[in-house]
> 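After the structure tokens below, expect a handful of questions from me.
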Amino acid sequence: MSENVKLAPCPFCGGKAVTKVHKGKARTSIPGFSGAQFFRGYVKCTGCGVATPQAKNPQSMTETWNRRASAETSESRP
């Protein structure tokens with residue numbers, strides 16, 4: 001993930017958001033997929049534990065969190 005991407009605070013508690021990433025090579029006997037690179041990741045609040053669904057790329061992961069955080073914040077304002 002790019003280090004310059006800023007994560008918005010949690011829309012529920014205002015806590016700090018962190019990324020959790022799992023990268024590796026697939027272990028399978030399916031021809032053409034053995035050793036293929038994979039990425040799974042999500043963003044999680046360190047305060048209340050709320051998290052995004054798992055994403056297949058870093059950009060999607062951070063965009064989902066930041067979109068939700070800004071939507072929740074703007075909806076709660078009069």
> To the nearest 0.5 Å, what is the distance between NZ on Lys44 and OG1 on Thr19?
12.5 Å
> Mind listing the closest non-hydrogen atom pair of Pro9 and Gly14 along with its distance?
CB-O, 3.8 Å
> Do side-chain atoms of Asn66 reach the backbone of Met61 as a donor and acceptor pair under 3.5 angstrom?
no
> Heavy atoms only: give me the nearest Phe12-Cys48 pair and the separation to one decimal.
CB-SG, 4.4 Å
> Between Thr46 and Lys16 (side chain of the first, backbone of the second, donor and acceptor by atom type, cut-off under 3.5 Å), is there such a pair?
yes
> Considering non-hydrogen atoms only, spot the tightest contact between Trp65 and Cys10 and give its length.
CZ2-CA, 3.6 Å
> Which donor-acceptor pairs under 3.5 Å do the side chains of residues 50-57 make with protein atoms, sequence neighbours left out?
from, atom 1, to, atom 2, distance (Å)
Thr52, OG1, Val43, N, 3.1
Asn57, OD1, Gln59, N, 3.2
Asn57, OD1, Ser60, N, 2.7

> Hey, what do you get for OG1 (Thr62) to CZ (Arg67), rounding to the nearest 0.5 Å?
10.0 Å
